[in-house]
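Have a look at the structure below before the remarks.
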Amino acid sequence: MAVDLHYAIEQGEIDILFQPQARIDTGEIVGVEALARWRHGRLGALGADVLFAAADRADLGLALSDHIQSLVLTRSAAWRGRRAALRVALNLTPADLGRPGFADAFLGRVAASGFAPERLTVEITESSAIRDLEAAAGVLDALRAAGIRVALDDFGTGYSSLAYLTALPLDYLKLDKALAVGETARHRGVVRAVMTLARSLALPVIAEGVETPAQRDQLAAEGCAVYQGFLLAPPLDAVRLAAMLDTQKDEVR
């Protein structure tokens, strides 16, 4: 697969899907998370975890990250109509944050694409170890100074949650699916505690993996701001995303 990945990047087999995010109180779609997919010739569609694992084995992790960032920014910059107002969330890796000069290079990539930085959120995965939090904070500060927002993804699954909260400049918390969709009393207690923590830090919460109305309503009652998951929509290509937005617009009329 490592050999295949060289070919995939060159031949355009890496694709981007967009999972809608909606306000939990109104259902209005306000953003999307960009998700990489590998259209493998023999194995079919492969997710980002498999894609980046193959890239790491082939020493292509940074090249793949650059490629995905360029794809997301270029495609999103070309959107018109309702898509042009959406916030786009893009994942950065710990390796990205550790690269010398990454902030300037990334901001240059944003500028070259024509995408408005004020519509961009970069997501940092809490379950991945960031070796130098001070350096990572410097990178994120530079991005935020340009208007980009920062979300801590997969909150509640890693070992450094509180360290990340205190060390990194953040605008949102993303509640991991394992916590967001739990329906036991203990799950509800943990969600309530996370919401209280987020409010104390003035961080809106985005819930991932929401699959049922009951889960959405529970999260809304606890103060969650935005949700995503199969209850709203699976990851979509740009055409299906536009159709979904048009349908929602017609329903509002």
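Remember, it's a predicted structure, so these values are computed and weren't measured experimentally.
- Looking at every heavy atom in both residues, L86 comes nearest to G31 through CD2-N, 3.8 Å.
- Counting only heavy atoms from C-beta outward, the side chains of L175 and C224 never approach each other to under 4.5 Å.
- In the hydrophobic clustering of this structure, V72 groups with I14; members are Ile, Leu, Val, Met, Phe, Trp, Tyr whose side-chain heavy atoms approach within less than 4.5 Å, directly or through other members.
- Distance check: L170 CG to L201 CG gives 8.5 Å after rounding to the nearest 0.5 Å.
- Between the CG atom in L92 and the OG1 atom in T125 there is a gap of 9.0 Å [rounded to 0.5 Å].
- Residue A225 comes nearest to P204 through the heavy atom pair CB-CB, 4.2 Å, listed as atom of the first residue, atom of the second, then distance.
- The shortest distance between side-chain heavy atoms of L140 and V150 falls below 4.5 Å.
- The ring of F18 has its center closer than 6.0 angstrom to the ring center of W79.
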Exercise. Carefully, step by step, assess K177 and D154 under the rule salt bridge (Lys or Arg N to Asp or Glu O under 4.0 Å).
Key: CA-CA 8 Å; K177 176 181 177 180; D154 295 338; over 6 Å; no
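- Ion pairing between D66 and R99 holds under the 4.0 Å rule for side-chain N and carboxylate O.
- Side-chain N or O atoms of S76 include none that pairs as donor or acceptor with a backbone N or O of L73 at under 3.5 Å.
- The line from CZ of R82 to CD of Q248 is 5.0 Å long, rounded to the nearest 0.5 Å.
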Practice problem: Test side-chain hydrogen bond (donor to acceptor under 3.5 Å, both in side chains) on E33 and Q19 and set out the steps. | Solution: CA-CA 5 Å; E33 179 181 1; Q19 185 162 38; over 6 Å; no
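- The CG atom of D153 sits 12.0 Å away from the OH atom of Y164 when rounded to the nearest 0.5 Å.
- Residues I206 and E123 have side chains not in contact (no heavy-atom distance under 4.5 Å, counting atoms from C-beta outward).
- In terms of modelled atom types and a separation under 3.5 Å, the side chain of T74 and the main chain of L71 share no donor-acceptor contact.
- A donor-acceptor contact closer than 3.5 angstrom links the side chains of H187 and T184.
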Self-check item: Working for ring-ring contact (aromatic ring centres under 6.0 Å, His included), residues F52 and W38
Solution: CA-CA 10 Å; F52 274 93; W38 182 0; over 10 Å; no
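- Closest approach of A220 and I24 over heavy atoms only: N-CD1, 3.7 Å.
- The environment of CD in Q11 is crowded: more than 12 heavy-atom neighbours from other residues, nucleotides or ligands sit within 6.0 Å.
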Exercise. Assess whether salt bridge (Lys or Arg N to Asp or Glu O under 4.0 Å) is satisfied between R192 and E222, documenting all intermediate values.
Key: CA-CA 6 Å; R192 187 170 297 117; E222 297 296 344; 2.8 Å; yes
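- Here R87 pairs with T121 under the side-chain hydrogen bond (donor to acceptor under 3.5 Å, both in side chains) rule; sequence neighbours left out.
- Between L203 and Y172 the shortest side-chain heavy-atom distance does not fall below 4.5 Å.
- Separation of atoms CG (L5) and CD (E10) is listed at 10.0 Å; rounding is to 0.5 Å.
- Looking only at side-chain heavy atoms (C-beta outward), I29 and M244 come within less than 4.5 Å of each other.
- Within the 4.5 Å cutoff, side-chain heavy atoms of R216 are placed close to those of P213.
- Hydrophobic clustering places V191 together with L162 (ILVMFWY residues linked when any side-chain heavy atoms are closer than 4.5 Å, directly or through intermediates).
- Between A77 and S113 the shortest heavy-atom distance is CB-O, 3.2 Å.
- In the hydrophobic clustering of this structure, L120 groups with L168; members are Ile, Leu, Val, Met, Phe, Trp, Tyr whose side-chain heavy atoms approach within less than 4.5 Å, directly or through other members.
- Partners of D171 by salt bridge (charged side-chain N to carboxylate O under 4.0 Å, His left out), not counting sequence neighbours, listed by chain and number: R144.
- When every heavy atom of V32 is checked against every heavy atom of P20, the shortest pair comes out as CG1-CA, 3.9 Å.
- Contact of the R131 side chain with the P94 side chain is not registered, since no non-hydrogen atoms from C-beta on lie closer than 4.5 Å.
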Exercise. In sequence, state the C-alpha distance, the side-chain angles, and the governing distance for D15 and R75, and then conclude on side chain to side chain contact (heavy atoms under 4.5 Å, CB included).
Key: CA-CA 11 Å; D15 198 10; R75 292 186 185 183; 2.7 Å; yes
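- L62 and F102 fall into different hydrophobic clusters, where Ile, Leu, Val, Met, Phe, Trp and Tyr are joined by side-chain heavy atoms under 4.5 Å apart, directly or via other members.
- Ion pairing between R37 and D237 fails under the 4.0 Å rule for side-chain N and carboxylate O.
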Exercise. Evaluate the side chain to side chain contact (heavy atoms under 4.5 Å, CB included) criterion for residues L97 and F106: first the C-alpha distance (whole Å), next the side-chain angles of each, then the deciding distance (0.1 Å), finally the verdict.
Key: CA-CA 10 Å; L97 298 180; F106 183 75; over 6 Å; no
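- By the rule that hydrophobic residues join a cluster once side-chain heavy atoms approach within less than 4.5 Å of another member, L17 and L46 end up as members of separate clusters.
- R23 meets the salt bridge (charged side-chain N to carboxylate O under 4.0 Å, His left out) test with D25; sequence neighbours excluded.
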Exercise. Could you walk me through whether E13 and R39 pass the salt bridge (Lys or Arg N to Asp or Glu O under 4.0 Å) test, one step at a time?
Key: CA-CA 5 Å; E13 291 183 0; R39 305 295 186 187; over 6 Å; no
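- Counting heavy atoms from C-beta outward, M195 and L219 have side chains that approach closer than 4.5 Å.
- Residues A242 and R83 come closest through the heavy atom pair CB-NE, 3.8 Å.
- A distance of 5.5 Å separates CG in L90 from CD in Q69, rounded to the nearest 0.5 Å.
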